[in-house]
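Beneath this line is the structure, given in structure tokens, with notes to follow.
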Amino acid sequence: MAGMGSATLHRHFRAATAMSPLQYQKALRLQEARRRLIANSSASEAAYAVGYESEPQFSRDYTRMFGIPPGRDAVRLRR
């Protein structure tokens, strides 16, 4: 569709976003999960809603990105 090979697309994508397409997709999912947590979803509901099948993996990724576990972040954000 873009008229370029996979490696070229990934290189251009990384140059434009400073992350790989998979990292970008994960960041979007985690930002949506955070939005859902603010809107009173539980961590497990938010995880499954954005496509995670494993709650522990979601918690690890969330903590890596935001520096705090999803449950504690939800309480902090709702204040």
Side-chain angles (χ1 to χ4, degrees):
M1 182 182 250
M4 62 181 83
S6 178
T8 304
L9 176 65
H10 281 228
R11 190 171 57 249
H12 284 284
F13 191 93
R14 186 178 289 277
T17 64
M19 47 180 105
S20 73
L22 287 176
Q23 290 169 326
Y24 185 79
Q25 180 185 34
K26 184 183 287 188
L28 288 178
R29 283 181 174 177
L30 291 170
Q31 289 169 3
E32 174 61 16
R34 195 176 209 194
R35 189 193 66 75
R36 287 173 179 269
L37 287 172
I38 293 168
N40 291 325
S41 286
S42 70
S44 61
E45 290 171 342
Y48 290 118
V50 299
Y52 277 86
E53 294 180 11
S54 165
E55 289 180 52
Q57 184 63 47
F58 168 73
S59 185
R60 280 191 298 273
D61 288 346
Y62 191 97
T63 302
R64 235 181 260 130
M65 182 164 183
F66 297 112
I68 187 170
R72 282 198 292 165
D73 196 29
V75 170
R76 186 183 65 81
L77 291 169
R78 289 178 191 147
R79 287 188 205 164

Kindly indicate, with the supporting measurements, whether the criterion side-chain contact (heavy atoms from CB on, under 4.5 Å) is fulfilled by Lys26 and Met65.
CA-CA 10 Å; Lys26 184 183 287 188; Met65 182 164 183; over 6 Å; no

Holding to salt bridge (charged side-chain N to carboxylate O under 4.0 Å, His left out), I want the full list of residues that pass it with Glu45, two or more places apart in sequence or in another chain.
none

Counting heavy atoms not belonging to Tyr24, are there more than 12 under 6.0 Å from its OH?
no

Which atom names give the shortest non-hydrogen contact between Arg14 and Ser20, and what distance separates them?
NH2-CB, 3.4 Å

Lys/Arg N to Asp/Glu carboxylate O, Glu32 vs Arg35, below 4.0 Å:
yes

Between Gly51 and Arg29, the two heavy atoms sitting closest are O-NH1, 4.2 Å

Is there a side-chain contact between Pro70 and Thr63 (heavy atoms, below 4.5 Å)?
yes

Spacing of Arg76 atom CZ and Ile38 atom CD1 [to the nearest 0.5 Å]:
9.0 Å

Pairwise distance CZ(Arg72) to CG(Leu77) - rounded to 0.5 angstrom:
12.5 Å

Atom CG of Leu37 and atom CZ of Arg78: how far apart are they, to the nearest 0.5 Å?
6.5 Å

Roughly how far, to the nearest 0.5 Å, is CE of Met4 from CZ of Arg11?
9.0 Å

If you apply the rule side-chain contact (heavy atoms from CB on, under 4.5 Å), what do you find for Tyr48 with Glu55, and how did you get there?
CA-CA 8 Å; Tyr48 290 118; Glu55 289 180 52; 3.5 Å; yes

CA sep, side-chain torsions, deciding dist, call: Thr8, Phe13, side-chain contact (heavy atoms from CB on, under 4.5 Å)
CA-CA 8 Å; Thr8 304; Phe13 191 93; over 6 Å; no

To the nearest 0.5 angstrom, please state how far the OH atom of Tyr52 sits from the CZ atom of Arg60.
10.0 Å

Verdict with supporting geometry, Tyr62 and Arg34, side-chain contact (heavy atoms from CB on, under 4.5 Å)
CA-CA 9 Å; Tyr62 191 97; Arg34 195 176 209 194; 3.2 Å; yes

